[in-house]
Q: 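Attaching a single structure in structure tokens format; questions to follow.
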Amino acid sequence: MPMEKTFNAAEAEARISAKWEAIGAFRAGANASRDETFCIMIPPPNVTGSLHVGHAFNNTIQDILIRWKRMQGFDTLWQPGQDHAGIATQLVVERQMAAAGLPKRTDMGRPAFLEKVWEWKEESGGTIINQLKRLGASCDWDRNAFTMDAGFHDAVIKVFVEMYNKGQIYRGKRLVNWDPHFETAISDLEVENIEVAGHMWHFKYPLAGGETYEYVERDEDGNVTLRETRDYISIATTRPETMLGDGAVAVHPSDERYASIIGKLCEIPVGPKAQRRLIPIITDEYPDKNFGSGAVKITGAHDFNDYQVAKRNNIPMYSLMDTKGAMRADGRPYADEAATAQAIANGTESFDEAKIAAMNLVPEEYRGLDRFEARKRVIADITHEGLAVTKLVKSIDPETNSEHLQLIPVVEDKPIMQPFGDRSGVVIEPMLTDQWFVDTAKIVGPALDAVREGRTKIMPESGEKVYFHWLENIEPWCISRQLWWGHQIPVWFDEDGNQYCAPTEAEAQAMALGKQLTRDPDVLDTWFSSGLWPIGTLGWPSNTLELNKYFPTNTLVTGQDILFFWVARMMMMQLAVVGKEPFGTVYLHQLVRDEKGEKMSKTRGNVIDPLVIIDEYGADALRFTMAQMAALGGVLKLSEDRIKGYRNFGTKLWNSFSFAEHYEIKFEAENPRPTPTNTLNKWIIGETGKVLEEVDAALTTYRFNDAANALYAFVWGKVCDWFVEFSKPILQGDDAAAKAETEATLKWVLDQCLILLHPIMPFITEELWAMAPDRPKMLAHTDWPTYTAAELVDDAAMREMTWVIGLIDDIRSARAQMHVPAGLKVDLLMVGLDDTAKAAFAANETLIFRLARIETANTASEVPKGAITVAAEGAVFAIPLAGLIDVDEEKSRLSKALEKLEKDMGGLRGRLNNPKFVESAKPEVVEETREKLVLGEDEISKIKAALVRLAEVG
RNA sequence: GGGCGGUUAGCUCAGCGGUAGAGCACUACGUUGACAUCGUAGUGGCCACUGGUUCGAUCCCAGUACCGCCCA
């Protein structure tokens, strides 16, 4: 059956995948021929997820590494799995229930809802696995793990209990990102900061008791630009509704404008007149003197910066909102709450966290309002009262043409960074709530040491700086979520609020004899469980074979963006739990963007769907593109054109086999490397040795782009462009021995191409591999070569073929520039060949004849007039085309070449004439420079001679 | 505001002490017995700017400008 014209990826990929699966090609330890292990943990995709380009890139890189190591005979494991994605999954299932007309989650109750989630998981949770298989990912799919699996669950609970008992986990009140839609705390990763059009309002906070001060503003030189008496301090805010919870006004300690009023009280200009709260004016380093008025209101419970200021200065933090983001409607009447708050501000009443938390400082008229509605009302009320900062605006009445001067409130339009929940799309609220935290400060040390001391290496190295910077300033990690889907926190409370932490209710009950217990309803952050991914997937806490064998793992491949969220946490957790760093190397790859470098998003409509790409171009083209672009650092801009280009590369490879087929060259099950006598064959075998070394070196150092480029240049630029072309005259010729040897070489070289390309392009290579009957193993299990360039390179053959290729290039170039028709075979004259050139030419005459399109070659004593001259090492060649060539054109061609050479040689001469260069440069560099100069000057003299001859012609 | 990067051919990017590379795009020619998803030849760069170190800087150092990303 003759080969198809091109590789039919759509048809072949599924068939090949099935075959791999059938023989268990990717099982842990498959094809192992040595004891060393190599293990990669997949960054678990979200169980609700579907494959996007980021996954495709991430998994391509992992697959290249694992296939390479597997072929090398390592005992490999690529551990796959998914995480349970608390919010996302709950959202998906709730949506589905709503669509199906089922009762709401809250009506259904927790156990029934969880049952629904599991049903969903069984049905749809495997989507991404199948998509990863289409990419060719060679995970051990039988070991697919899930963070909610029973074993994994037990591990998570065990770790929580142990860390709780060691005091590394605690419950406390801190400011967290709160999603008012899902009514849960969320992680930083789930918050998207987006710049939106916002406003900055300016309000007057009157000084208590009508006090006044001299307000003076100066320019840079200290000249007074404004001086007035004020009875207020001007405050700018983008969130007026939070004024109700202000605890202080802060100014920078060096701000002279306000020096005289530090320590005084000012009034929050909102709420019932009778109970206006007075708050202190304090100093803190946080306010920026040059920003706004330089004075900042401090609302500790609703802003992350203010929170720090409030903590530093012991300012009460009043929570204003409920879990839905509406203004609180609980608590005592406002008048009472305000009175207490005032007493606290005056310092006459003490306070603690619980007392503050219980207080509701929202005036009755705002209670229950949505936060955005409350904002409008607050603004309107302040403005109405005349406490907004105003400016004079001149307007002209269009009817009467009279001028009006009007005072209007100052409202600046200002882009602001606003946090949005990535799933809910609503504005995230910093919220003071009771949550569970990992006291990261207690476990961060070993994670820092592991990288500092080189037990774990982060690539690129800049990642290490970021890692240190983040871990050295780490904040407590909020691990509780107000969700149902996830690992429920193993803590029970008695009626007095005492905590009992235990793996099971029975054990907790045993600790709380006779007490009525209630379990904490919250679940753990998904990242807490995926923080245990390396040991959890390997069966910890059981002392499994796999745990012993593959842990610590070798390489983690993940995006730069989750260095903190996941990598750092895995480092801390594994070290805290089992005392070992989870991986030897962390390879951080680029983020995938569209061709313009923009983030891909559905709203932008610039999403490249890897499955669509695979359908159209095949998985190999996508994979090769990604490998080729996987340089260290930066952003990967993916465009379809590139993918198309690398699909063409696959076709090129395909056609090289079709070439072999055309010449009826039959691949055997094994195609051993011949020991050739022919220079051509020696040469390509040497080149193969070189490319293997390049590929190994590149993969060892995670330079996937170098590996891909080296293979591209070898397969296309060496094998197809030269070796295959050179082999034609031999294959068509009569020399049976040469023919046999060249066939054997071709078979071996093409086999090597398949082997070396397989990690990057597994499908097409496996397909071509299978065209030989009875291969002992599938390509995925074929031994990766171990020859070295030193063994395979024959220096003399390399030199000779380089000379031949250079000569053909030069003749072709000269022909093309002189407009010699491509089809025209010309006569070649050889002048003054030295012995090496003579021998090289003679040995490769047929190749040169064919590729340079030469009819005859004869020696001549001199170059005739009116001939094209081609200078080569140890020879001058001429193509007599009397009458045919344009003398001027040949002159300009040669002059141009001469000019370039002169310039280059000038540089070399300059260097060599500089005694300091010869003294201080490395000897080999000096030697190399000398050699280049000799060769160049030789060529210069040949070209000059040719120009002289041309001058004689006219 | 703090941190981390980047600026090299029209585009996307490698290179990172010895005088600049790839792919794509572009131009011209071409159905040469594998391949038009191709072949052959070619065009294209004061390597952001300014200083410094060096015999020598795209590469190292310092500063400037602009652009990203992360954290506030």
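Numbered from 1 within each chain, the chains take letters A, B, ... in sequence-line order.
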Q: Please determine, for the side chain of A/S462, which listed nucleotide (B/rG33, B/rG5, B/rC71) has the closest atom?
A: B/rG5

Q: Hey, which sits more toward the 5' end of RNA chain B by its nearest nucleotide, A/Y286 or A/K465?
A: A/K465

Q: If the sugar-phosphate is the primed atoms plus P, OP1 and OP2 and the base is the rest, what is the B/S/- string for nucleotides 40-48 of chain B, using protein heavy atoms under 4.0 Å?
A: SSSS-----

Q: Using the side chain to side chain contact (heavy atoms under 4.5 Å, CB included) criterion, which residues pair with A/A310? Sequence neighbours excluded.
A: A/I298, A/I315, A/M317

Q: Check residues 912-924 of chain A and write down every donor-acceptor pair under 3.5 Å in which the side-chain atom is one partner and the other belongs to a residue at least two apart or another chain.
A:
| from | atom 1 | to | atom 2 | distance (Å) |
| --- | --- | --- | --- | --- |
| A/N913 | ND2 | A/R909 | O | 3.3 |
| A/N914 | OD1 | A/K916 | N | 2.9 |
| A/S920 | OG | A/K916 | O | 2.3 |

Q: Can you tell me which nucleotide in B/rU37, B/rU19, B/rG33 comes closest to the side chain of A/N648?
A: B/rU37

Q: Considering only side-chain heavy atoms of A/D706, which listed nucleotide, B/rC55, B/rA14, B/rA34, is closest?
A: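 Nearest to the side chain of A/D706 among the choices is B/rA14.
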
Q: Roughly how many Å is it from CD1 in A/I458 to C1' in B/rG5, rounded to a whole number?
A: 16 Å

Q: Tell me which residues in residues 847-855 of chain A lie within less than 4.0 Å of RNA chain B, going by non-hydrogen atoms.
A: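 Within this stretch, A/R853 sit under 4.0 Å of the strand.
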
Q: Work out how far the C1' atom of B/rU8 is from that of B/rC49, and round it to whole angstrom.
A: 14 Å

Q: For nucleotides 23-26 of chain B, list the nitrogen or oxygen atoms of the protein found under 3.5 Å from its nitrogen or oxygen atoms, one pair per line.
A:
none

Q: Could you please name the option among B/rC55, B/rA14, B/rG5 that lies closest to any side-chain atom of A/S920?
A: B/rC55

Q: Will you find, in the side chains of A/Q732 and A/Y663, an N or O donor that is under 3.5 Å from an N or O acceptor?
A: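 A pair is found: one side chain offers a donor N or O, the other an acceptor, under 3.5 Å apart.
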
Q: A/Y467 has an atom OH; how far is it from atom C1' of B/rC71, in whole Å?
A: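 To the nearest whole Å, that distance equals 18 Å.
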
Q: Could you give the CZ-to-P distance, from A/R911 to B/rU19, as a whole number of Å?
A: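 Going from CZ in A/R911 over to P in B/rU19 covers 6 Å.
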
Q: According to a strict under-4.0 Å criterion, is A/K825 in side-chain N/O contact with OP1 or OP2 of B/rU32?
A: no

Q: Distance only, no hydrogens: is a donor on one side chain within 3.5 Å (strictly under) of an acceptor on the other, for A/K297 and A/T242?
A: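 Looking only at side-chain atoms, A/T242 and A/K297 do form a donor-acceptor pair, the distance falling under 3.5 Å.
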
Q: What nucleotide, of B/rU37, B/rG2, B/rU19, holds the atom closest to the side chain of A/H469?
A: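 It is B/rG2.
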
Q: Check whether the ring centres of A/Y467 and A/F564 lie less than 6.0 Å apart, and answer yes or no.
A: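 When the ring centroids of A/Y467 and A/F564 are compared, they turn out to be at least 6.0 Å apart.
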
Q: Think A/K5 has a side-chain N or O under 4.0 angstrom from the OP1 or OP2 of B/rA36?
A: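 True: A/K5 side-chain N/O within range (under 4.0 Å) of B/rA36 OP1/OP2.
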
Q: Let's test your reading of the pairing rules: Watson-Crick or G-U wobble, both distances under 3.5 Å, then write RNA chain B as a dot-bracket string with ( ), [ ], | and dots.
A: ((((((((.[[[[.)..(..]]]].(((((.......))))).....[[[[[..)....]]]]]))))))).

Q: Within less than 4.0 Å of OP1 or OP2 of B/rU32, is there a side-chain N or O belonging to A/K728?
A: no

Q: Could you say whether A/F564 or A/R647 is positioned toward the 5' end of RNA chain B, judged by the nucleotide with the nearest heavy atom to each?
A: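 The residue whose closest nucleotide sits nearer the 5' end is A/R647.
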
Q: What nucleotide among B/rC71, B/rC55, B/rU37 has an atom nearest to a side-chain atom of A/A921?
A: B/rC55

Q: Heavy atoms from C-beta onward define the side chain here; which of B/rA34, B/rA14, B/rC71 lies closest to that of A/F565?
A: B/rC71

